[in-house]
Amino acid sequence: MTVRVRFAPSPTGYLHIGGARTALYNYLYAKATAGTFVLRIEDTDLERSNAEYEKLQIDDLKWLGIIHDEGPDKPNPKYAPYRQSERAEIYKKYALTLIEKGLAYYDFCTEEELEAMKEKAAAEGRDPVYEGKWKDPAFHKEALERISKGETPAIRFRAPKKAYTLEDRVKGRVVYPEGMVGDFVIVRSNGLPVYNFCCVIDDHLMDITHVIRGEDHLNNTVRQLMIYEALGAKTPEFAHVSLLIGHDRQKLSKRHGATSVNLYRNEHYLPEAMCNYLCLLGWSHPTERDIFDKKDIVDVFSLDRFSASAAMYDLEKLKWVNSEHIKKMDNAALILLIEKEPETDFFTKQTADWKNSCVELLKKYAHFITDFPKLVNELILNDDPEKTDAFKEITSWETTPKIMSFISDEVSKVNEEFINEAVLNGWMDYVKKEMGVKGKPLFQGVRAALTGHDHGPDLKFLIPLTPVSVLKKRITHLKK
RNA sequence: GCUCCCAUCGUCUAGCCCGGUCUAGGACAUCGCCUUUUCACGGCGGUAACAGGGGUUCGAAUCCCCUUGGGAGUACCA
């Protein structure tokens with residue numbers, strides 16, 4: 001049987017990091033098994049759902065390269081529609097069938113009555129279990145009469161009195177004891193079905209074979225198991241992936257800061273790096289590789305390598321993963337991305353060779369794409385660097401003023417736009433041989449004279465990238 | 001409260017299912033050292049963990065129980 005998995009977001013906000021991770025796992029599993037990845041929109045909570053968010057979430061998924069095979073925009077007639085709000089008739093039909101079979105019933109209970117039951121249960125130290133009179137089949141006739149008069153009851157599922165067992169692919173065997181949940185609502189009094197009900201019907205009707213989702217659904221699963229049973233449907237395999245937590249070890253949420261995918265997208269993080277990092281949070285590569293693309297792991301991706309415990313979301317490691325992906329990228333691709341950044345006019349105007357050398361040099365220092373323009377400005381275009389203590393220290397050495405004046409003379413003689421490495425080497429040789437300076441005073445001195453800094457990338461690569469006009473201005477400023 | 005889940009370096013994790021090869025491995029971060037200077041590069045190295053207690057066993061990070069700690073769920077939200 002071919003694998004069918006799904007990601008089922010609620011369009012109630014931006015795509016969340018945690019959602020992106022479960023979507024990614026589903027996507028990878030589909031790719032690994034040559035299965036189908038379905039996108040379903042769970043918008044039964046009309047008040048919170050918003051079509052705009054649906055679009056934004058799909059955009060973010062696309063950006064991450066998590067592309068669905070079926071969904072509202074790519075319907076397979078056999079399974080459409082893919083929005084729960086468009087499937088109301090289906091749910092209604094199933095709910096009515098359950099009532100006919102005596103597996104569910106109409107419930108006119110008021111909020112107050114429900115509240116009283118909950119309090120009683122809490123006082124007795126057990127889970128709240130529905131005990132209203134409508135549970136009794138004897139009241140079915142009365143219910144029908146009230147409905148005919150225009151009243152709209154909720155529909156409640158009759159929870160079987162027995163324990164349920166789930167063989168979860170990441171948690172192992174989970175036993176839900178008898179009485180863990182009481183009769184629960186499957187259709188609200190406003191006629192709209194609730195999550196636990198829709199989810200099961202859709203997964204069943206859409207032939208979903210594996211449900212990979214967050215651990216926050218683990219307790220829900222017992223309700224879903226009951227419905228599968230009532231429907232006489234085959235239950236899919238479940239894999240409840242551990243949650244992502246923030247630094248306070250609480251479930252990751254908005255208050256932990258940047259938890260929406262679009263924030264990273266706006267900051268121009270590399271989508272592959274994002275996926276790579278997210279994948280690593282709770283899943284491990286069989287050979288302990290930690291830098292990879294989706295295509296590198298589809299062959300080895302399996303449900304057996306999930307960690308059962310929660311993982312802390314850590315920006316530091318994401319930063320490192322992003323920098324590793326930058327190093328891995330080829331220069332041409334990098335140049336394209338850099339030119340899309342703001343304030344890259346100078347960069348864009350340079351020759352292909354210059355750009356290539358520049359990117360080759362700077363890519364090992366950049367953690368983010370946005371670092372490139374910053375590095376170009378700081379390292380190459382800054383003609384008035386701040387005189388740091390380290391710079392002053394170097395200029396206090398007796399050899400440094402001589403080096404500075406020599407370099408200054410040489411640079412002022414240059415007419416080309418850029419100097420090449422050989423010219424720089426000539427200056428170095430002169431200082432070394434004719435002035436008798438070597439080692440630290442040599443390199444540090446020449447660096448200070450040309451850049452005003454005590455550290456930075458290799459001079460023999462940096463200086464040929466620096467316009468001589470900038471060098472001239474910079475030297476003038478440094479002399480003051 | 002109740003139910004479920006979880007527990008290896010500060011963090012992500014390998015190992016755990018199928019006990020001995022684990023004086024517990026890797027990665028991030030951190031610290032130190034090395035390099036014709038410097039480094040935000042690279043190389044080398046260091047600090048740093050099996051939550052605690054009982055079992056079972058010749059032997060336990062690995063199996064069982066308890067305690068503690070953490071998380072999630074307890075809706076006519078998803």
Side-chain angles (χ1 to χ4, degrees), chain A residues 8-12 42-45 47-49 84 107 109 111 114 118 121-128 153-156 166 168 170-172 174-177 179-182 184-196 198-199 214-222 240 242-243 245 247 249-251 277 280-291 304-305 307-314 316-321 323 327 361-367 371 375 378-379 390 394 428 432 438-448 451 453-459:
Chain A
S10 305
T12 56
E42 309 222 325
D43 54 355
T44 54
D45 184 351
E47 286 168 21
R48 294 201 298 147
S49 297
Q84 292 189 329
D107 176 34
C109 244
E111 241 176 82
L114 254 20
K118 245 185 260 175
E124 290 169 15
R126 54 176 171 79
D127 279 317
I155 299 174
R156 204 171 272 275
L166 169 69
D168 191 85
V170 355
K171 297 295 180 182
V174 178
V175 178
Y176 304 98
M180 184 175 170
V181 296
F184 54 94
V185 168
I186 53 177
V187 179
R188 301 175 177 97
S189 49
N190 67 6
L192 288 173
V194 304
Y195 166 75
N196 281 117
C198 304
C199 180
E215 190 187 350
D216 45 347
H217 290 285
L218 191 58
N219 286 305
N220 272 329
T221 308
V222 66
H240 285 96
S242 60
L243 261 17
I245 55 180
H247 280 100
R249 305 212 73 95
Q250 309 272 93
K251 181 175 167 180
Y277 176 64
L280 243 23
L281 247 28
W283 184 85
S284 59
H285 193 281
T287 65
E288 295 204 57
R289 264 181 80 173
D290 37 29
I291 297 297
D304 305 325
R305 297 201 60 84
S307 158
S309 48
M312 196 179 283
Y313 184 67
D314 173 32
E316 273 303 321
K317 192 149 183 176
L318 169 59
K319 177 179 170 182
W320 173 76
V321 172
S323 73
K327 287 184 193 119
L361 177 67
L362 299 184
K363 71 201 276 191
K364 41 188 183 215
Y365 300 107
H367 288 103
D371 286 341
L375 288 165
E378 283 170 28
L379 265 21
I394 294 166
M428 294 289 284
K432 193 166 159 186
K438 57 181 181 174
K440 192 168 174 172
L442 165 66
F443 282 86
Q444 199 97 337
V446 172
R447 178 181 290 281
T451 71
H453 286 290
D454 60 318
H455 64 83
D458 234 337
L459 284 181

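Here is the naming used below: chain letters follow the sequence lines, and residue numbers restart at 1 for every chain.
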What nucleotide among [options] has an atom nearest to a side-chain atom of [X]?
X        : options             : result
A/Asp45  : B/A29, B/U3, B/A78  : B/A78
A/Lys251 : B/C76, B/G73, B/A29 : B/G73
A/Trp320 : B/C4, B/G71, B/A27  : B/A27

Look at A/Gln250 and B/G71 and indicate whether a side-chain polar atom (N or O) is within less than 4.0 Å of OP1 or OP2. yes
Expected string for nucleotides 34-50 of chain B under the B/S/- scheme (protein heavy atoms, under 4.0 Å, primed atoms plus P, OP1, OP2 as sugar-phosphate) is --BBBBBSS--------
Protein within reach of the bases, or only the backbone? For nucleotides 10-15 of chain B, mark each nucleotide 5' to 3' as B, S or -, using heavy atoms under 4.0 Å. -SBSSS
Which value, in whole Å, describes the distance between the P atoms of nucleotides B/C63 and B/G73? 28 Å
Between B/G20 and B/A29, how many Å separate the two C1' atoms, rounded to a whole number? 34 Å
Any strand: nucleotide that pairs with [N] via Watson-Crick or wobble, under 3.5 Å:
N     : result
B/G20 : B/C58
B/U30 : B/G46
B/C39 : none
B/U3  : B/A72

Please enumerate all residues that pass salt bridge (Lys or Arg N to Asp or Glu O under 4.0 Å) together with A/Asp45, with sequence neighbours excluded. A/Arg48
Got a sec, which residues hit side-chain hydrogen bond (donor to acceptor under 3.5 Å, both in side chains) with A/Lys171, two or more places apart in sequence or on another chain? A/Glu215
Got a sec, which residues hit side-chain hydrogen bond (donor to acceptor under 3.5 Å, both in side chains) with A/Asn196, two or more places apart in sequence or on another chain? none
Any residue meeting ring-ring contact (aromatic ring centres under 6.0 Å, His included) with A/Tyr195, in chain and number order, not counting sequence neighbours: A/His217
